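Just so we're clear, the structure is a prediction, and the values are computed from it rather than from any experiment.
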Amino acid sequence: MILPRYDRRCGWYEQLEDVSDFPALRDDTQVDVVVIGGGFVGCAAARRMAENRPDAEVLLIDALKIGQGASGRNSGFVIDQPHKRDLESNDEQLKQKIVRLNRVAVEYLETQIERFNIDCQWSHAGKYQAAVGPRGRKHLDHYEQLLQKGGEEYHRLSREEMQSVFGTDFYSAAIHTPGGALMQPAALMRGLADSMPDNVRIAERTAVTSIKRTHFGFELKTDKARIQCRQLILGTNIFTAELGYMADRILPIMTFASMTTPLTDEQLRRYGGQLDWGITPADHGGTTLRMTQDRRLIVRNSYRYAHDYNTPQELIPKITGRHREAFDERYPQLSDVEFEYTWGGASGLSGNFETYFGELETNIFASCCDQSVGAARGTISGMMLADMACGRRSDLLRDMQTVSGNPSRLPPKPLLRIGVPMRLAFERFRSRSEV
């Protein structure tokens with residue numbers, strides 16, 4: 001069984017100070033509900049379950065420290081718009097449902113941030129989508145048409161505006177959409193964990209190694225303890241298959257990011273742009289770029305089929321080199337700015353681009369195959385899984401079921417280990433002008 005590992009490379013997590021500690025589970029216990037996975041899905045499910053059933057005992061467990069996993073490793077976007085395959089759908093009602101669900105998630109997160117004073121660089125900065133060359137502009141023009149068709153607010157930037165915001169003339173076109181938010185993901189996850197309701201118990205560094213159905217409900221085994229519960233919610237995404245569910249349906253893809261040291265006053269002057277913005281590439285194979293509130297630039301590109309779910313350390317220098325090339329092309333005036341961190345984060349894709357949400361078996365609920373949009377989608381999925389488990393029906397839950405599907409079965413792993421890297425290399429070649 002492959003378990004999550006932490007490599008001490010994630011810049012978001014490594015910056016945190018005074019991280020709280022939730023002891024690992026060492027004694028057998030019995031609770032009403034267990035939530036496995038302390039990411040966006042798990043934290044939202046645990047909180048919502050506690051809100052729905054204040055008399056229930058809820059146990060939230062994670063194999064790592066909360067914030068060290070995929071939810072604390074992303075680029076810090078909470079996206080409200082449909083993304084990738086969903087964006088291409090001709091079903092406008094479907095896209096409106098996705099937008100509604102995502103915006104409920106943004107509001108729900110913001111409520112917790114304000115209520116518990118979570119310091120995570122949260123802002124309503126919106127999101128930029130930008131193009132470099134003709135291929136990217138073609139994608140961006142299509143994106144603009146889709147925004148117009150959906151009646152969504154947006155602004156297409158002039159070259160002067162792009163230079164003013166991004167501090168570079170590298171991009172040829174960009175669009176800003178005001179919805180969504182930016183944040184420091186590891187800080188957000190720690191804040192969500194630290195502010196759980198009183199009837200939620202958290203156990204970190206507690207990996208579940210097996211699940212067995214019993215007359216009581218379920219028995220979970222860890223390396224130190226056994227847990228009995230009546231209901232089970234899986235927020236384990238790519239690791240769901242390791243627990244015996246969704247086998248051969250989740251494709252684990254690792255994407256990589258590098259983060260600079262904070263810009264000095266002199267470097268900030270040479271940079272010449274603004275703080276607190278984020279670019280996603282018009283061509284999905286391009287480069288994501290972030291400027292944080294604390295003066296750090298983040299470059300994200302390069303993909304890997306993560307059949308081992310983790311990041312081989314020997315890949316890091318090569319990945320950092322790719323990021324350096326992308327950075328220097330955008331900011332030749334900042335050649336003295338160094339990368340402080342390089343890390344990988346995994347997402348779960350499916351062969352037919354469908355996400356999974358629902359009841360796997362009686363009283364086992366799960367959301368996986370996030371399609372690289374885990375923050376908003378994971379949050380609303382966790383909320384709705386808890387509602388489903390409690391028998392609470394609503395328009396939101398019906399919308400969640402409508403926009404979810406059945407991930408298709410993947411080819412055997414030996415074929416994937418050959419075919420997926422070839423496909424990723426081909427896509428990287430096609431998108432080379434946008435990286």
Side-chain angles (χ1 to χ4, degrees), residues 1 25 28-63 101 199-201 203 206-222 225-250 348 350 352 354-370 377-410:
M1 184 179 191
L25 195 65
D28 293 353
T29 189
Q30 180 175 313
V31 296
D32 297 297
V33 183
V34 170
V35 180
I36 305 178
F40 286 111
V41 173
C43 281
R47 185 183 300 276
R48 185 77 159 197
M49 181 63 75
E51 292 170 345
N52 288 347
R53 296 175 56 192
D55 58 333
E57 293 180 90
V58 181
L59 176 62
L60 173 62
I61 55 181
D62 197 284
L101 290 163
N199 57 324
V200 177
R201 177 185 175 187
T206 302
V208 174
T209 56
S210 70
I211 299 170
K212 182 176 70 173
R213 190 176 290 274
T214 68
H215 68 281
F216 180 82
F218 303 97
E219 180 182 271
L220 283 57
K221 287 185 180 180
T222 72
R226 297 171 185 256
I227 309 163
Q228 287 189 320
C229 65
R230 296 188 181 279
Q231 289 184 310
L232 182 59
I233 296 177
L234 304 183
T236 44
N237 203 16
I238 63 171
F239 289 96
T240 304
E242 293 297 301
L243 295 173
Y245 302 96
M246 301 297 291
D248 301 323
R249 294 182 186 270
I250 304 174
S350 61
N352 57 354
E354 294 283 1
T355 60
Y356 180 81
F357 169 92
E359 193 170 10
L360 288 167
E361 297 178 2
T362 303
N363 281 325
I364 303 182
F365 305 86
S367 174
C368 52
C369 293
D370 59 11
R377 183 62 175 249
T379 296
I380 191 64
S381 294
M383 294 165 61
M384 293 301 99
L385 286 177
D387 283 3
M388 178 183 284
C390 293
R392 293 174 58 117
R393 304 299 169 184
S394 67
D395 289 341
L396 283 176
L397 177 55
R398 282 187 286 273
D399 285 351
M400 191 75 236
Q401 292 170 311
T402 299
V403 304
S404 304
N406 184 27
S408 58
R409 191 175 297 278
L410 297 167

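Once rounded to the nearest 0.5 Å, the distance linking CG of L410 with OG of S350 reads 7.5 Å. The structure places OG1 of T236 at 5.5 Å from CG of L243, a figure rounded to the nearest 0.5 Å. Atom CZ of R249 and atom CD of E354 lie 11.5 Å apart (nearest 0.5 Å). With rounding to the nearest 0.5 Å, the separation of CD in E51 from CE in M383 is 8.0 Å. Interatomic distance, D28 CG to L220 CG, rounded to the nearest 0.5 Å: 11.5 Å. Atom CD1 of I238 and atom SG of C369 lie 10.5 Å apart (nearest 0.5 Å).
Of all non-hydrogen atoms in A50 and V58, the two that sit nearest each other are N-CG2, 4.5 Å. In this structure, I227 and I61 approach most closely via the heavy-atom pair CD1-CD1, 4.1 Å.
Between the side chain of S367 and the backbone N or O of S381, no donor-acceptor pair lies under 3.5 Å. Although no hydrogens or angles enter the test, the distance criterion places no donor-acceptor pair under 3.5 Å between the side chain of D248 and the main chain of R409. Looking at T209, its side chain does come within 3.5 Å of a backbone N or O of K221 through a donor-acceptor pair. Counting only distance, with no hydrogens or angles, the side chain of S408 and the backbone of N352 share a donor-acceptor pair below 3.5 Å.
For R213, the side chain to side chain contact (heavy atoms under 4.5 Å, CB included) criterion is met by F218, E361, T362, I364, not counting sequence neighbours. Considering only residues two or more places apart in sequence or on other chains, D387 meets the side chain to side chain contact (heavy atoms under 4.5 Å, CB included) condition with R48, N52, M384, R392. Looking at residues two or more places apart in sequence or on another chain, you find a ring pair (Phe, Tyr, Trp, His ring centres under 6.0 Å) between F239 and Y309. Considering only residues two or more places apart in sequence or on other chains, D55 meets the side chain to side chain contact (heavy atoms under 4.5 Å, CB included) condition with R53. A247 pairs by the side chain to side chain contact (heavy atoms under 4.5 Å, CB included) definition with nothing, not counting sequence neighbours.
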| message | Is there a side-chain contact (heavy atoms from CB on, under 4.5 Å) between S404 and R377? Walk through the geometry before answering. | response | CA-CA 11 Å; S404 304; R377 183 62 175 249; 3.4 Å; yes

| query | Which is it for E219 and Q30 under the side-chain contact (heavy atoms from CB on, under 4.5 Å) test, yes or no, and what are the steps along the way? | reply | CA-CA 9 Å; E219 180 182 271; Q30 180 175 313; over 6 Å; no

| query | Is there a side-chain contact (heavy atoms from CB on, under 4.5 Å) between F357 and L397 once you walk through the steps? | reply | CA-CA 10 Å; F357 169 92; L397 177 55; 3.8 Å; yes

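Side-chain contact between M49 and Q231: present, with at least one pair of heavy atoms (C-beta onward) separated by less than 4.5 Å.
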Could you pull out every donor-acceptor pair under 3.5 Å between side chains of residues 31-45 and any protein atom, sequence neighbours left out?
residue : atom : partner : partner atom : Å
D32     : OD2  : E57     : N            : 2.7

